[in-house]
Amino acid sequence: MSRPVYITTPIYYVNDRPHIGHAYTTMISDVVARGCRLQGRTVFFLTGTDEHGAKVEKSATARGVTPQALADVNAAEFQRVLRLFDISNDDFIRTTQPRHTRQVQAMIKALQARGAITLGTFSGWYDEGQEEYYTETRAKELDYKSPISGKSLIRASEENYYFRLSEFQGRLEEFFNANPDFIQPSGRFNEVRGRLREGLQDVPVTRTNFSWGIPFPDDKRHVIYVWIDALMNYASALGLAWPLARDLGVPSIEGCAGSTASGAGLESDDATLAQLYESRAHFWPAHTHVIGKEILWFHAVIWPAMLMALELPLPKRIHAHSFWIADGQKMSKSMGNFVDLETIDRFVAHYGLDAWRWYMATQGPLQAADADFRASHFHETYTADLVNLVGNCASRVGAMIAKYCGGTLPDDAERGGEWPIRCEKAIVQWREAMDAFDLNAAARAPLELLREIDAFIHHTEPFKLAKDPANLARVESILSQSARTIRVAGVLLAPFLPTKMDELATAFGGSALGPVHAAGSHCNEFDSVVSFHLPKVGVSIAKLALFPRIDIVASA
RNA sequence: GCCGAUGUAGCUCAGCUGGUUAGAGCGAGGGAUUCAUAAGCCCUAGGUCGGCGGUUCGAAUCCGCCCAUCGGCACCA
């Protein structure tokens, strides 16, 4: 029995509006989650929102609302977008939920008890206007003047609680040496190791200059720095610190407003929560934390060190993807080339949600290089892969079965010929690629199968054979083999194209796939679902046009 | 500035430890067909492998320098 799979996205900062960056991370995670469920693995797929910090406090003040009110509105927006994109997350965690804040306090207490968090003094060059500190080198670069106001920086110090990151250097290096696949892609791994070699400094985990955060236990002058709070969501969602919260006596949240939005049952009484968390604990350690490259350091170094201090197992893998750029330019709001929610909506409305997922998953910046978002490229990808290959292949076989076999799956005297083995190979490739988070390769395996079917039809020419009734058995074999192979390819494509492949599975095999990769479920019999032989002879086969040929979307 | 990466056909990229005429997909051009969503199939790209220099019998593949692009350099979510 394979391990349960815990897949996470970063929790999204509520100060942002949803854009392609969020959509991308979430969608590729969703593809993997669905791919795992399809294989019969038990999956817990988590996403959520990060709601604390000075920026949120500042924005809220500027708008004359409370930080919680702002967070509520924007968290709701993120949740709306998840539903819009049919994301199969199993939970949505918000860092203002008591279930989270309580456990964060417990973890902080535990870290303190173990000496991993201690009180210290920080001093540096402070910019009064910006309310931020600069490092010595940076301050020198700035000639000890604020880059914004030009006013002189002042030497200031403040008392903070520190996480003793420096003490974990050796253990982290050991861990990295033993786990060369921990950080993906490999270039990022080298980056982190290089930086690790330069040495680690302790990191402050509290702030005193604003109040919108989780109060530091037993010292109310401090709030927990938002980053630390945010990282802990991966543990709190599974309730890993729930026993700690109980044992350390963190009964309620002081000074931290409870949120109104929540997942099912997550604002329930302790007994219910305890039960829920018991059922989730086995998902740890995480199978993959999917993140963007800008937050790699926190996930690859600080988070593992905190887990070491908490004596929890470390995640199996961190996958740091790169960024989308747009039309060859770095995306920026001022440039007007930012792929925001409105732009995404326009593409989804024009090409369909599955097509959007396909473009994200197969053309995105999954590896070290940034990817360019271009309407023409989107259109070409849609047309070449989905219309001309997937759609057309199903269409021509469906049409021939309608014409020559009365619209039902014919018998095959050849028992599949070489196709069951070819399907088997594609399945193996697909599984390996999915495991390696190589979505491109995972998509290519079934696509290749369809190319082979196109070639098979081209060479055997069933449409010519059909003109002589004597060839009926051969025609039936060819079409049966083609239809069965297309169905198998469709199953493998389902994590990418859940809606359309459901239609295909229904049209070519009589039963939809739906639930097998949706949230909270999994496929009990993957081997049977992807079996070439699954559909029964005589089942009706419908001709269908999965992906209509359409004109390129008008640019905004 | 420091550390690291990348620079191969119009586009996106393969080319591991050096060795015959440098590859794939997409796009573009041409052709034969019709089961199919004008899809599929066949043929076609002659690209100084960023530049210069070096090592070698021989380099896209090793070394040096230069140019360009990109990433990291910690309190930034």
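Please read all numbers here as calculations on a predicted model, not as lab measurements. Letters go in sequence order (proteins before strands), and every chain restarts at 1.
Residue pairs meeting the side-chain hydrogen bond (donor to acceptor under 3.5 Å, both in side chains) criterion with at least one member in residues 400-411 of chain A: none, sequence neighbours excluded. The salt bridge (Lys or Arg N to Asp or Glu O under 4.0 Å) pairs that include a residue from residues 288-308 of chain A are A:Lys293-A:Asp370, where partners are two or more places apart or lie in different chains.
Straight-line distance from the CG atom of A:Leu196 to the C1' atom of B:C73: 14 Å, rounded to whole Å. Rounded to an integer number of Å, the gap from CZ of A:Phe298 to P of B:A74 is 11 Å. Taking atom CG on A:Leu165 and atom P on B:C75, their separation rounds to 13 Å, with Å as the unit. In this structure, the CG atom of A:Asp372 is 14 Å from the C1' atom of B:G10, given to the nearest Å. With rounding to whole Å, A:Arg374 atom CZ is found 16 Å from B:C26 atom P. Atom CD1 of A:Ile295 is separated from atom P of B:A74 by 18 Å (rounded to the nearest Å). Straight-line distance from the CZ atom of A:Arg193 to the P atom of B:G71: 24 Å, rounded to whole Å. Rounded to a whole Å, the CG atom of A:Leu450 is 16 Å from the P atom of B:G25.
Judged by the 6.0 Å distance and 45° axis criteria, A:Arg357 is not positioned over the aromatic ring of A:Phe496.
Nearest to the side chain of A:Tyr225, among B:A77, B:C35, B:A74, sits B:A77. In the set B:U34, B:A77, B:G71, B:A77 carries the atom at the smallest distance from any side-chain atom of A:Tyr13. Here the side chain of A:Tyr404 is nearest to one of B:C13, B:G72, B:C35, namely B:C35.
Within 4.0 Å (heavy atoms only), A:Gly21 reaches no atom of the nucleic acid at all. Nucleic acid contact for A:Arg207: sugar-phosphate only, since backbone atoms but no base atoms lie under 4.0 Å from a heavy atom of the residue. Residue contacts for A:Glu294: at a heavy-atom cut-off of 4.0 Å it reaches a base atom on one of the strands shown. Residue A:Pro462 is classed as having no contact, given no heavy-atom separation below 4.0 Å to the nucleic acid. Using a 4.0 Å heavy-atom distance criterion, A:Leu200 is classed as a base contact. Within 4.0 Å (heavy atoms only), A:Trp227 reaches sugar-phosphate atoms of the nucleic acid but no base atom. Residue contacts for A:Glu380: at a heavy-atom cut-off of 4.0 Å it reaches the sugar-phosphate backbone alone, with no base atom in range.
Across the C1' atoms, B:U20 and B:A60 are found 16 Å apart, a figure rounded to whole Å. Only the C1' atoms considered, B:G40 is 39 Å distant from B:G50, to the nearest whole Å. B:A32 and B:A14 have their C1' atoms separated by 32 Å, with the value rounded to a whole Å. Atom name C1', nucleotides B:G25 and B:A45: the rounded distance is 14 Å, in whole Å. Comparing the same atom, P, in B:U61 and in B:A9 gives a spacing of 15 Å after rounding to whole Å. Across the C1' atoms, B:A22 and B:G15 are found 8 Å apart, a figure rounded to whole Å. The same atom, C1', is picked in B:U44 and in B:G7; the two are 28 Å apart, to the nearest Å. When the C1' atom is compared between B:A68 and B:G51, the two are found 10 Å apart, to the nearest whole Å.
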Atom pairs and distances, side-chain donor-acceptor, residues 390-399 of chain A, under 3.5 Å, sequence neighbours left out:
| unit_1 | atom_1 | unit_2 | atom_2 | d |
| --- | --- | --- | --- | --- |
| A:Ser395 | OG | A:Lys543 | NZ | 3.3 |
| A:Arg396 | NH1 | A:Asp454 | OD1 | 2.7 |

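Ring pair A:Trp303/A:Phe163: centre-to-centre distance not below 6.0 Å. Taking the six-membered ring where the residue is Trp, the centroids of A:Trp419 and A:Phe456 are separated by under 6.0 Å. Between A:His350 and A:Phe378, the distance from one ring center to the other does not fall under 6.0 angstrom. A ring-centre distance under 6.0 Å is not found for A:Tyr382 and A:Phe347.
Remark: A:Gln169 engages A:Glu173 in a side-chain hydrogen bond (donor to acceptor under 3.5 Å, both in side chains) (not counting sequence neighbours).
At least one side-chain nitrogen or oxygen of A:Arg195 sits closer than 4.0 Å to the OP1 or OP2 atom of B:C73. Contact between the side-chain N/O atoms of A:Lys55 and the OP1/OP2 oxygens of B:A77 is found at a separation under 4.0 Å.
Inter-residue side-chain proximity for A:Asp438 and A:Glu432 is flagged as unmet; no heavy-atom pair is nearer than 4.5 Å. Side-chain contact between A:Leu231 and A:Met306: present, with at least one pair of heavy atoms (C-beta onward) separated by less than 4.5 Å.
Of the two residues near RNA chain B, A:Gly194 and A:Lys293, the one whose nearest nucleotide lies more 5' is A:Gly194. When the nearest nucleotides of RNA chain B are assigned to A:Gly199 and A:Lys467 by heavy-atom distance, the more 5′-ward of the two goes with A:Lys467.
Here the side chain of A:Thr381 pairs no donor or acceptor atom with the backbone of A:Tyr359 at under 3.5 angstrom.
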query: Can you give the dot-bracket line for RNA chain B, where a pair is Watson-Crick or G-U wobble with both atom distances under 3.5 Å, crossing pairs use [ ], and | marks a partner on another strand?
result: (((((((..((((.....[...)))).((((.........)))).....(((((..]....))))))))))))....
message: Across nucleotides 36-43 of chain B, 5' to 3', mark each nucleotide with B, S or - according to how protein heavy atoms within less than 4.0 Å reach it.
response: BB-BSS--
